[in-house]
Asks: 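Got a structure for you, written out below as structure tokens; questions coming shortly.
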Amino acid sequence: MSDQKRLFLVDAYALIFRGYYAFIKNPRINSKGVDTSAIMGFMNSLLDVIKRERPDHLAVCFDKGGSADRVEMFEAYKANRDETPEAIKIAVPYIQDILKAMHIPIMVKEGYEADDVIGTLSKQAEKEGYKTFMVTPDKDFAQLVSENIFMYRPVFGGGYETWGIEEVKKKFEVTNPLQVIDFLGMMGDSSDNIPGLPGVGEKTAKKFLAQYGSMENLLANTHELKGKMKENIEGAKELGLLSKKLATIMLDVPVTFDAKDFELDQPNLPKVTEIFMELEFRQLLSNFEKTFSVEAVSNASETTSENTETKATPKETKSAGAGQFSLFGGDISSAEAPKENTFTRKTAETTSHFYQSVASGMATKLFIKNLMSQTSVCFDTETTNINPITAQLVGIAFSWEVGKGFYLPFPENKDEAQELIEQLRPFFESETIEKIGQNLKYDIKVLAKYNVTVKGKLFDTMLAHYLINPDMRHNMDVLAETYLNYTPISIEELIGKKGKNQITMRDVALDKQTEYAVEDADITLQLKEHFEKELGEANTQKLFDEIEVPLLRVLAAMELEGINLDENFLNTLSEQLEIDIKSLETKIYAEAGEEFNIASPKQLGDILFDKLKLVDKPKKTKTGQYATSEDILSYLAKDHAIIQHILDFRGLSKLKSTYVDALPTQVEPSTGRVHTDYMQTVAATGRLSSNNPNLQNIPIRTERGRQVRKAFIPRNEDYVLLAADYSQIELRIIAALSNEETMISAFKNGEDIHASTASKVFNVPIENVTREQRSNAKTVNFGIIYGVSAFGLSNQTDLSRSESKELIDTYYETYPKLRKYISEQIDFARDNGYVQTVLGRRRYLNDINSRNAVVRGAAERNAVNAPIQGSAADIIKLAMIKIYEKLQAGNFKTKMLLQVHDELVFDVYKPELDTIKTLVKTEMENAYKLEVPLDVDLGVGNDWLEAH
DNA sequence: CTAACGACATA
DNA sequence: GTATGTCGTTAGC
């Protein structure tokens with residue numbers, strides 16, 4: 001196998017684009033003002049591949065003139081891509097010159113895409129006994145993978161992964177790489193404009209593949225499908241076959257693989273030097289020289305591509321401290337590292353580790369002594385339950401050295417468990433030992449129930465990653481796979497799938513508990529080492545240390561506190577709602593002439609538009625149903641009594657099912673209160689989100705809805721609720737950030753900002769502004785925050801498209817700095833690849849330079865909105881931390897209970913009310929200094945509604 | 001039991 | 001036009 005010749009085929013544009021975006025945060029502009037990012041990026045990748053792999057044969061493939069055949073088949077093919085960025089356009093001739101100087105063949109064929117060229121060449125090379133590696137991140141290539149053809153994919157964060165048949169099978173859940181074509185054909189690909197089958201996404205495509213194996217077989221057996229899906233697919237047979245064709249990489253491009261031509265040769269160094277000097281690539285030149293130096297080439301190891309592992313090899317099992325561990329005498333679980341197999345992810349089985357459980361008694365004492373001598377320890381609690389309030393400790397895992405760790409099992413008996421935790425108290429309450437964890441809020445809450453406070457510096461890997469890349473997911477399994485190329489033991493393996501037969505951690509054998517729990521701690525520790533550096537690189541260390549980490553303790557306290565709920569009140573409300581809903585139901589049935597399920601949009605649509613024919617040409621949703629959304633129905637309300645009844649029915653049903661009936665079921669029996677869970681790492685802008693239950697969307701707009709707020713009450717008669725909310729914080733932020741004086745002075749003068757805006761854009765004195773004018777101005781003000789378009793505005797108001805456009809134009813004339821700010825934000829995003837808040841919280845916008853105008857437009861709106869929404873989030877988080885600290889320091893009985901994006905709710909001990917009102921208002925208004933004053937409204941009451 | 005969708009609650 | 005979470009229906013394992 002090792003004497004098999006290896007051919008590397010590089011997908012030029014894919015790497016050029018990738019290289020270009022890699023530098024987008026910090027574009028390379030040379031002294032002549034030329035953006036050389038794309039060239040630099042591409043050359044880095046190319047040299048990297050050469051250095052790592054030392055290919056025998058190599059060629060670089062380009063597109064030319066797009067795929068004539070595919071456009072003929074489907075005119076929309078790649079149609080929604082537009083202009084290539086300037087830097088890439090100028091890059092191509094340079095790159096081709098460099099490749100010529102390097103004696104690397106450039107493969108292009110007019111009318112074909114690089115995919116087709118690469119596909120054709122790899123199949124030819126395969127026949128001649130070559131092993132081919134297609135260097136590209138593009139998943140479409142997976143269809144070409146065979147025993148001798150591999151994908152060689154650059155991965156996020158550096159390094160490469162090789163996809164052979166096994167990887168492709170696993171990734172796409174297919175039995176044969178060719179099925180990738182069927183997969184892509186079924187689910188479609190928006191970036192290539194491959195339409196795909198309607199109603200089929202990733203999941204369904206995988207399912208179909210498992211069942212039918214191919215597009216054709218699926219289409220031939222649509223009689224086995226049912227209902228909607230059947231209808232959809234039977235109606236789209238041609239589309240399906242077309243999609244499959246579009247996704248198929250052609251293998252008959254008129255090009256020839258010529259082994260001699262493709263041999264990787266010594267470059268024409270003087271020529272390369274000349275070009276590099278022109279581009280001012282000094283660093284790259286020396287790198288280049290090293291790569292091609294005689295020494296480097298002759299020292300090239302025999303590594304085959306299977307050994308392209310970028311991550312460190314497993315740590316040695318033996319270590320200096322290993323001897324003492326036998327003292328503990330508990331379960332020893334460890335595994336020898338088998339020969340590295342880089343085709344699959346590492347797991348506990350393939351990685352050497354030393355995970356040990358600690359027996360009770362002497363071993364525990366020795367362990368704790370060791371623990372206390374550490375300066376930084378990763379820990380992870382294992383419990384009986386995901387609800388930290390009722391969860392009992394089953395064990396705690398600790399790790400402070402990669403690949404090694406200990407598990408302390410907890411007795412089931414409550415007193416004994418408490419005794420053990422008492423032994424650990426000095427550790428958790430130590431101010432000097434740093435604690436590392438993944439989602440520490442959970443562990444802190446669990447431990448709080450054992451009356452243990454976690455003190456000292458914290459490092460939460462989930463929070464760290466949230467700041468590094470807020471758009472990704474942050475659960476440990478994903479992080480381990482992404483950053484450590486490691487698949488942790490799945491919880492399902494231990495306790496079974498969710499539902500009927502699930503057991504708890506307590507029922508898992510100790511050695512399994514140990515493996516699982518210590519692995520988590522070990523991985524978390526490794527992730528910490530990874531993220532520590534990246535936090536600094538993303539310039540977000542401060543945000544981590546001063547906002548997110550301190551906030552975690554605040555949130556834990558708020559969640560544990562919970563809020564008191566008047567269940568009786570809600571039950572009464574529920575009964576009243578039931579009566580009203582029933583009566584509406586009766587009316588609707590009478591008006592419709594039959595009974596049906598009003599809550600079913602499908603049935604409702606059929607009744608309204610097929611049976612009653614209320615409209616000539618009803619709108620349809622993307623799935624072909626009649627659209628019955630509120631905005632459509634409300635237009636019809638004045639003509640047909642049934643419509644208003646339906647809208648009322650919907651409103652009341654939503655109210656009843658989501659709030660009035662659901663909230664009482666969420667009361668925690670052990671505390672008698674409702675404990676929401678604030679998610680600190682889901683909202684890409686930096687906001688919190690709330691669930692189980694979501695207390696951030698309790699109704700307020702309608703009279704009926706806001707009654708629900710009456711159910712949120714103080715803990716007892718010695719307390720009242722205080723609601724403190726920022727007035728117009730987002731508009732104040734955009735006024736300040738854009739330095740728009742007109743708006744700033746309106747705020748400074750305490751004007752009604754929407755009326756003030758209306759007065760200016762409609763050119764009337766502020767006291768003559770009509771309700772409608774104010775309302776339109778308000779809509780534009782909000783539109784600005786969301787990234788306006790005339791289209792969106794006319795949808796939201798009674799204005800026509802052209803009136804909307806005019807209003808927006810006048811608006812920008814009134815507030816010229818605002819327009820400037822918006823375009824500067826978009827430019828910043830284009831140049832840097834991200835935007836940021838006042839505190840430097842970043843949001844990366846990969847689509848900002850997308851060739852697809854729709855996708856790009858969305859990214860541009862994000863570029864405007866994210867800094868505003870995010871800065872508001874930053875500011876209230878600062879305020880929360882400050883207030884929490886003051887409440888603690890002052891030993892107040894008052895507790896902070898809720899956060900609703902721009903509002904905080906407190907359970908205030910009546911004697912403290914005056915002090916608290918001042919404290920809260922002061923801290924909130926001074927949390928962050930802007931050119932515009934922040935203004936906070938306070939409300940006090942015996943329920944949340946009254947407090948407003 | 002899960003996924004996809006439509007509808008709708010908040011800031 | 002931004003950012004979320006939850007519920008009910010429908011359909012298919």
Side-chain angles (χ1 to χ4, degrees), chain A residues 199-204 206-208 210-211 224-232 470 497-500 597-605 621-633 646-647 650-659 661-663 666 676-679 682-702 705-706 708-709 725-726 728-730 779-780 782-796 804 808 843 854 857-870 872-873 876 899-903:
Chain A
V200 177
E202 188 185 329
K203 304 274 178 193
T204 315
K206 285 185 174 168
K207 202 188 68 198
F208 281 158
Q211 201 176 344
E224 292 179 14
L225 303 175
K226 279 183 198 157
K228 192 74 218 149
M229 187 69 88
K230 180 177 175 181
E231 212 175 284
N232 275 341
K497 280 205 185 269
K498 199 151 107 168
K500 44 184 178 151
N597 187 344
I598 309 169
S600 160
K602 180 178 146 67
Q603 294 182 33
L604 177 67
T621 66
K622 58 179 172 177
T623 50
Q625 306 284 323
Y626 292 119
T628 64
S629 54
E630 201 262 350
D631 55 336
I632 291 178
L633 291 193
I646 287 164
L647 290 172
R650 281 219 189 121
L652 298 188
S653 307
K654 172 82 183 173
L655 211 58
K656 184 166 185 290
S657 65
T658 309
Y659 304 103
D661 291 348
L663 283 172
Q666 305 264 13
T676 186
D677 191 5
Y678 287 106
M679 304 272 110
V682 302
T685 50
R687 275 191 179 179
L688 299 176
S689 84
S690 150
N691 60 24
N692 296 309
N694 181 355
L695 296 185
Q696 290 181 323
N697 71 345
I698 302 301
I700 191 162
R701 291 187 224 261
T702 65
R706 63 161 56 116
V708 176
R709 294 197 170 219
D725 63 282
Y726 282 111
Q728 307 296 353
I729 187 167
E730 293 188 344
T779 311
V780 190
F782 279 108
I784 293 296
I785 294 169
Y786 298 149
V788 260
S789 73
F791 177 76
L793 183 62
S794 68
N795 274 345
Q796 289 283 311
S804 299
I808 293 171
R843 173 142 191 212
V854 179
E860 287 173 357
R861 289 191 294 278
N862 279 326
V864 178
N865 175 261
I868 300 165
Q869 196 183 112
I876 196 166
Q899 190 252 39
V900 192
H901 308 307
D902 64 358
E903 172 186 2

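Keep in mind the model is a prediction, meaning the values are calculated, not measured. Below, chains carry the letters A, B, ... as their sequence lines are ordered, and counting in each starts from 1.
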Asks: Under 3.5 Å, is there a donor-acceptor pair between the side chain of A/S690 and the main chain of A/L695?
Replies: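 Judged by distance alone, yes, a pair lies under 3.5 Å.
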Asks: Under 3.5 Å, side chain of A/Y678 to main-chain N/O of A/Q899, donor-acceptor pair present?
Replies: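 Yes, the answer is positive, given that a donor and an acceptor are paired below the 3.5 Å cut-off.
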Asks: Looking at A/R709 and A/I698, what are the two nearest heavy atoms and their distance?
Replies: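 Here A/R709 and A/I698 meet closest at NH2-O, 2.7 Å.
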Asks: A/T676 side chain to A/P693 main-chain N or O, any donor-acceptor pair under 3.5 Å?
Replies: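 Yes, the answer is positive, given that a donor and an acceptor are paired below the 3.5 Å cut-off.
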Asks: Choose from C/dC7, C/dT9, C/dT4 the nucleotide whose nearest atom is closest to any side-chain atom of A/A683.
Replies: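 So the side chain of A/A683 is nearest to C/dT4.
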Asks: So, does A/Q603 use its side chain to make a donor-acceptor pair with the main chain of A/I598 at under 3.5 Å?
Replies: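 Such a contact is absent between A/Q603 side chain and A/I598 backbone.
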Asks: Under 4.0 angstrom, heavy atoms only, what part of the nucleic acid is A/V682 near: base, sugar-phosphate, or nothing?
Replies: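 Sugar-phosphate only.
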Asks: Taking only side-chain nitrogens and oxygens of A/N862, does any of them come within less than 4.0 Å of OP1 or OP2 of C/dA3?
Replies: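 Affirmative; the distance criterion is met.
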Asks: Could you give the NZ-to-C1' distance, from A/K602 to C/dT9, as a whole number of Å?
Replies: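 So the two atoms are 11 Å apart, to the nearest Å.
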Asks: Give A/A684 one of three labels, base, sugar-phosphate or nothing, depending on what nucleic acid heavy atoms sit under 4.0 Å from its own.
Replies: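 Here A/A684 touches the backbone only, sparing every base.
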Asks: If you look at every heavy atom in A/L647 and A/E630, which pair is closest and at what distance?
Replies: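 Closest approach of A/L647 to A/E630, heavy atoms only: CD2-CG, 4.0 Å.
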Asks: Return the value, rounded to whole Å, for the distance between atom CD of A/E860 and atom P of C/dT2.
Replies: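 One finds 13 Å between P of C/dT2 and CD of A/E860, rounded.
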Asks: Of the nucleotides C/dT10, C/dC7, B/dA7, which one has an atom closest to the side chain of A/Q603?
Replies: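 My answer, after comparing the listed nucleotides, is C/dT10.
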Asks: Between A/Y678 (OH) and C/dT4 (P), how many Å, whole number?
Replies: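 It is 17 Å, rounded to the nearest whole Å.
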Asks: Whole angstrom is fine here: how far is it from CZ in A/R861 over to P in C/dG1?
Replies: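 So the CZ-P distance, A/R861 to C/dG1, works out to 7 Å.
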Asks: Report which part of the nucleic acid A/R843 touches: base, sugar-phosphate, or nothing (heavy-atom distance under 4.0 Å, all strands).
Replies: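 The residue A/R843 makes sugar-phosphate contact but no base contact.
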Asks: Of all the choices, C/dT4, C/dC7, B/dG6, which nucleotide is nearest to the side chain of A/S657 once you look at every atom?
Replies: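 Of C/dT4, C/dC7, B/dG6, C/dC7 is nearest to the side chain of A/S657.
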Asks: Rounded off to whole Å, could you give me the CG-to-P distance for the A/L652 and C/dG8 pair?
Replies: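 The distance from CG of A/L652 to P of C/dG8 comes to 15 Å, rounded to the nearest Å.
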Asks: Take the protein atom CG of A/L604 and the nucleotide atom P of B/dG6, then report the distance between them rounded to whole Å.
Replies: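 That distance rounds to 14 Å.
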Asks: Can you tell me how far C1' of C/dT9 sits from CD1 of A/I598, to the nearest Å?
Replies: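 Going from A/I598 (CD1) to C/dT9 (C1'), I get 14 Å.
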Asks: For nucleotides 8-11 of chain B, tabulate all protein N/O to nucleotide N/O atom pairs closer than 3.5 Å, reporting atom names and distance.
Replies:
{"residue": "B/dC8", "atom": "OP1", "partner": "A/R650", "partner atom": "NH1", "Å": "3.1"}
{"residue": "B/dC8", "atom": "OP2", "partner": "A/E630", "partner atom": "N", "Å": "2.9"}
{"residue": "B/dC8", "atom": "O2", "partner": "A/K654", "partner atom": "NZ", "Å": "3.2"}
{"residue": "B/dA9", "atom": "O4'", "partner": "A/Y659", "partner atom": "OH", "Å": "3.3"}
{"residue": "B/dA9", "atom": "N3", "partner": "A/N697", "partner atom": "ND2", "Å": "3.0"}
{"residue": "B/dT10", "atom": "OP1", "partner": "A/I700", "partner atom": "N", "Å": "2.6"}
{"residue": "B/dT10", "atom": "OP1", "partner": "A/R701", "partner atom": "N", "Å": "2.8"}
{"residue": "B/dT10", "atom": "OP2", "partner": "A/R701", "partner atom": "NE", "Å": "2.8"}
{"residue": "B/dA11", "atom": "O3'", "partner": "A/D902", "partner atom": "N", "Å": "3.4"}
{"residue": "B/dA11", "atom": "O3'", "partner": "A/D902", "partner atom": "OD1", "Å": "3.1"}
{"residue": "B/dA11", "atom": "O3'", "partner": "A/D902", "partner atom": "OD2", "Å": "3.3"}
{"residue": "B/dA11", "atom": "N3", "partner": "A/R687", "partner atom": "NH1", "Å": "3.0"}
{"residue": "B/dA11", "atom": "N3", "partner": "A/R687", "partner atom": "NH2", "Å": "3.4"}

Asks: Take A/Y626 and A/L604, measure what side-chain contact (heavy atoms from CB on, under 4.5 Å) needs, and give me the verdict at the end.
Replies: CA-CA 9 Å; A/Y626 292 119; A/L604 177 67; over 6 Å; no
Asks: Nearest whole Å is fine: how far is B/dG6 P from A/L633 CG?
Replies: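 Distance check: A/L633 CG to B/dG6 P gives 14 Å.
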Asks: Describe the nucleic acid contact of A/T779 in one word from base, sugar-phosphate, nothing, applying a heavy-atom distance below 4.0 Å.
Replies: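 The residue A/T779 makes base contact.
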